[in-house]
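Right, one structure below, let's go through it.
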Amino acid sequence: NAGVTQTPKFQVLKTGQSMTLQCAQDMNHEYMSWYRQDPGMGLRLIHYSVGAGITDQGEVPNGYNVSRSTTEDFPLRLLSAAPSQTSVYFCASSPDASTDGYTFGSGTRLTVV
Amino acid sequence: AQKVTQAQTEISVVEKEDVTLDCVYETRDTTYYLFWYKQPPSGELVFLIRRNSFDEQNEISGRYSWNFQKSTSSFNFTITASQVVDSAVYFCALSEAESGGGADGLTFGKGTHLIIQP
């Protein structure tokens, strides 16, 4: 049981490049979400999904796209990377809010130069 | 809209001292969930506790204890006899069960950096 797997762990992008951060979970969780963590800001919600085919925006969605074609996968796409998107990105999953919390991946550290 | 405030940006104590991390939340829902997560220097997020809004019982787990008071919208975390290994950033978070059906993720506070000096 791997939990939540995020790839890659580190990435450096040039401004304007696009890329996809991968997130996969093997716990059959319906809820998945993406957060970014910036110094002094805590974690902020980017996008979330309540099940396959359903996604919605969180607090800071601009510059990011998501899709949820399967229960297991919830990739986060950066369309045209900007230095302001330099951050640590976390993916999380949960069966529902009434259980013992969300399981987080180990994070992706992204630097945009 | 929901909000979580952790007013203490950084706390530094000497090992074996007790320390309390404050968390104040705002929500319009009557059903909600509160969480504490630990982020050690290695960077992963470690789940510590979940409390639902109908359960105001305090909880103790070893050296850790949590005090939930709906009257003051607070969910404080105390570490007794702190140890160097407790050094980490601690996050309080909120999930609303009604407005978002509990599915729309967590609202985090900005975190408290706890430093335990030997």
Notebook entry, point to check: Would B:S12 and B:Q117 count as having a side-chain donor-acceptor pair, cut-off 3.5 Å?
Noted result: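 Per modelled atom types, B:S12 and B:Q117 side chains form a pair under 3.5 Å.
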
Notebook entry, point to check: Tell me, side chain or backbone of B:Q39 under 4.5 Å from chain A's heavy atoms, or both, or neither?
Noted result: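 When you check distances to chain A, only side chain atoms of B:Q39 fall under 4.5 Å.
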
Next item on the list: Might you confirm whether atom CZ of B:R51 has over 12 heavy atoms from other residues, nucleotides or ligands at distances under 6.0 Å?
Entry: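 Yes, because the 6.0 Å sphere around CZ of B:R51 holds more than 12 heavy atoms from other groups.
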
Next item on the list: Tell me, out of A:G58, A:G42, A:A92, who's got the most heavy-atom pairs with chain B below 4.5 Å.
Entry: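 Max contact count across the listed options: A:G42.
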
Next item on the list: For each of A:H47, A:R44, A:Q37, tally heavy-atom pairs with chain B at distances under 4.5 Å, and name the one with the top tally.
Entry: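 So the answer, after comparing A:H47, A:R44, A:Q37, is A:Q37.
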
Note to self: Tell me whether the rings of B:W66 and B:F77 are parallel (<30°), tilted (30 to 60°) or perpendicular (>60°).
What the structure shows: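 Rings of B:W66 and B:F77: parallel, under 30°.
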
Check: Quick one: what part of A:E30 sits under 4.5 Å from any heavy atom of chain B, side chain, backbone, both or neither?
Finding: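 Answer is neither: A:E30 stays 4.5 Å or more from chain B.
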
Check: Do A:M19 and A:V66 sit in the same hydrophobic cluster, where Ile, Leu, Val, Met, Phe, Trp and Tyr count as joined when their side-chain heavy atoms come under 4.5 Å apart?
Finding: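 As far as the 4.5 Å side-chain criterion goes, A:V66 and A:M19 are connected within one cluster.
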
